[in-house]
Amino acid sequence: MTHYPHNSLFPETDYFVLSTVYDAETNGAGIKLFDVERKKVIYTTDTYGHEPYCYSYEPLEKIQALNFPPETVKRIETIKKRNLLKESEDPLTKIITPTPSEVPKVRDIVGETWESRIKYHRNWIYDIQIVPGRRYWWDPDQNKFIPSQSKSHGLDIPKSVNNQLSKYSGLLEVFRDDFIQEIPDMPIVACDIETESIEGQIPQAADPKYPIICICFADNQGKEIALVLNRKERNKGIKPIDTSPHLQVERFDAEEDLLKRSFEILKQYTIITTFNGDNFDFPYLHERAKKLAKDLKIRIYSPIKWNRRDKSCDFKFGLHLDLYRFYHNVAIRTYAFGNRYQEETLDAIAQGILGIGKVALEKAIFDLSEWDLVYYCSRDAKITLDLLLFENKTPLNLIFILSRISRTPIDNLVRTSVSNWVKSLFFYEHRRRGCLIPNQEDIQIIKGTQASSKAIIKGKKYKGATVIDPVPGIHFNVAVLDFASLYPSIISTFNLSYETLLCSHEECQKNKVPQTGYWVCEHNRGIVADVIGFIKDVRVQWLKPEAKKESSQKEFYQILERSLKVLINASYGVLGSDRFQFYCLPVADATTAYGRDAIEKAIQKSQALDISVLYGDTDSLFLHNPTKEQINEIIKWSKEELGVGLEMEKIYRYLVFSERKKNYFGVYPDSSVEVKGLMGKKRNTPSFLQKGFREVLAILAQVTTKEEFDEAKKQVINLIRGIYQKLEKKQYSAAELAITTQLTQPLHRYKVQAQHVKAANQLNEYYKKKNIDLVKAGQLIRFIKTRTTDRVTPLLLMTDISKVDVKAYKSMIDSTFDQLFGALDIEVEEIATGQVNLMEFFS
DNA sequence: GCGGACTGCTTACCT
DNA sequence: ACAGGTAAGCAGTCCGCG
């Protein structure tokens, strides 16, 4: 049954599509829309009469002979679809079911089916061609959403770019509005809850035995509300001096009234954001409300829909975005935020991104005075809001743009990883072109699972990038050239796609991929190459130049550019991941083979031009003191001969290499320092060493000439000597000496009793006695090297500072600074090259 | 019983 | 739950050694 919304619900105004969901009542697609005029969420169901289906290669008669009852199969048709792998227009049997839940039943009986595992409401998006995050108006005559032309950003695509992008089979027309359309201004609120509990135990929604004592809200109109439970046993305390002046505090004697009020507030907003609300705040709030209702025999209506299977919480008339999930996403962390945070806690992310952390606590949350509790909780709500809206809504805009391009509902985008986004984009594009979406096995059977190359690392499937041995020493005036988006460029330029690699044409076999036995099709443009090439070119040809120009649109261009960067940078990786539906090992293998070919040829070319190459990694060349002409020459050569763009990335005033790859530091002309890979920068280096390392770099950053090194070196020696002495006198605190290592798997899975594993076991013994939650995978373990049987002691259990293993820490100081000195001394030539040991150095 | 050479495990980084 | 390449530290094993 299709539910047509009453026209009064649908004034002829504009809507932004936020999300689609499975609608249990109609057993169809449910759509969440943002009503631009009334600034609220409208929920409706399919008005298009779209039907669930899947495909089979069995002829119509064979499917008919299966005698499906009408409640399982509604209709069977023969249609034609293009099969890219076979290069044919194939007749397929389309099996149409009355409801989405029948599709799996058909799949079980028919056996091999296609497109039967795509969620129905996602199918709806691909078929109706409605784009999440985009603007539509409602046409009551047609009962349809019509795309709305809106350009409030004032963005447009220049003619020249337009022409360059027109080669991509109509993609510009399809995606143009994704880029240029504005992001709606919606009511947004952040929410955080605090509960009563006992030391060391984290409350669980499965057993919501502790009262909720505080719920805080912060919205994008500047309103901040704190709901707090009056507890006789807690004093009011003193209002902290920098409590937000906007904060409105509401006190409740009864918890149930506090909860009811919180639901009232939540219902007013379109976007509700939390940090870990999918797994803690909302499940707990929901279950606590249920428990109170039952215990007190009253009615409390919770608007929270807790989906235990998906581990998510949602609202029918609102969209929940859990920022923990978003910031946890590896592609977002690395490409959108440049690894500005290394831990996925609210505090670490807020520190890294906003420069503001959580309120530091001296006692447990439930022991705080009322004002301190409100202060703490409201700060959490505020920084959560800021993590969605900082820098003119950068993260929210990023989410919208990625949703549009990947045809992924906004809330789903936040909860899923980049491979799902790329998969969704490819699903959409196959549908749009009338191509059958292949099953993963289809690609594997035809293209094979055997790599043409041999990986250097044991256990990897194929060979990756080339890394050049660095020339150790100090090098002044170093230019770094980078291949622009190397792998995506290769995929596009060399037409790499699951159907074009190892194609069936004899005549294409001469079109070889270097260093492999592969060949690539010369007749057909690959779908993967086309889509990736398009997105890469939109970014390179249009967005990157615009993002550099001074204009009122600059900021939005930058966000667009970053969104595409996320998709582009991850696109090669997913093709080499066997969990990805379009996984094609030969494509990934060929991509890196072309990459190795490019960097290797570029090195030869540099040498032919008499430029010395100091280092190179994957897509970069570090050139010593090249002239402008030499650089121009090699850039020109690359475009013409390799078909891949090479760009001047940066210049270092000087650069210091040791003999190690992926380890160096450089100083820019403005004296800023960049460090790569060195121990002093790693998060498992104790903080006293990280600090010493930073101080040494600060001294070296001041150096502008070779002559100044002697002076700088003396200072550095003094500094390091100071660190030695402080260590020997045991003047460093346990916290400064602590080594922080992540427990990446559950304790029982470790095959080796590594130091952090031993420390974790000690912690667990202690926790068991105290009846506190045990360590979990993902947690950071802090420990100190000690002269004890385990050789380690957890920071938490460190009582006797005299147990510190001074010898072990001395060798850590050694190896940290040897990385720098090894390189410096070769140039300074005061000490023999090779293994210069700091201990010898001082004697 | 103990140290050196070796392998493998583990983490954190680079592109 | 996107890829492979590199460095480092340490656990564990084997071997030799009157």
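Residue numbers start from 1 in every chain, and the chains themselves are labelled A, B, ... in the order their sequence lines are given, proteins ahead of strands. Keep in mind that this is a model prediction, so the values were computed, not measured.
- Residue-level contact check: A:Phe580 touches neither bases nor backbone, having no heavy atom under 4.0 Å from any strand.
- In this structure, the ring of A:Tyr327 has its center no less than 6.0 angstrom from the ring center of A:Phe275.
- The shortest distance between side-chain heavy atoms of A:Leu496 and A:Val587 falls below 4.5 Å.
- Counting heavy atoms from C-beta on, the side chains of A:Val804 and A:Leu737 come closer than 4.5 Å.
- Residue-level contact check: A:Ile457 touches the bases, meaning some heavy atom is under 4.0 Å from a base atom.
- The shortest non-hydrogen separation linking A:Gly277 to A:Cys313 is O-SG, 4.1 Å.
- A:Lys650 NZ: more than 12 foreign heavy atoms inside a 6.0 Å radius.
- Between A:His328 and A:Ser811, the one whose closest nucleotide on DNA chain C sits nearer the 5' end is A:His328.
- Classified by interplanar angle (parallel below 30°, tilted 30° to 60°, perpendicular above 60°), the ring pair A:Phe622/A:Phe657 is perpendicular.
- DNA chain C lies under 4.0 Å from at least one heavy atom of each of the following residues of residues 401-423 of chain A: A:Ser417, A:Ser419.
- Nucleotides of DNA chain C lying under 4.0 Å from heavy atoms of chain A occupy a range whose first and last members, 5' to 3', are C:dC2 to C:dG12.
- A:Phe483 does not carry A:Arg596 over the face of its six-membered ring by the limits of under 6.0 Å from the centre and within 45° of the normal.
- Aromatic rings of A:Phe582 and A:His430 (six-membered ring for Trp) have centroids within the 6.0 Å cut-off, being under it.
- Rounding to the nearest 0.5 Å gives a distance of 11.0 Å between CD1 of A:Ile739 and CG of A:Leu795.
- Within 4.0 Å of A:Gly573, counting heavy atoms only, lies at least one base atom of the nucleic acid.
- Heavy atoms from other residues, nucleotides or ligands lying under 6.0 Å from CZ of A:Arg340 number more than 12.
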Give the B/S/- string for nucleotides 9-15 of chain B, one per nucleotide from 5' to 3', where a protein heavy atom under 4.0 Å of the base yields B, of only the sugar-phosphate yields S, and otherwise -. SSSBSBS
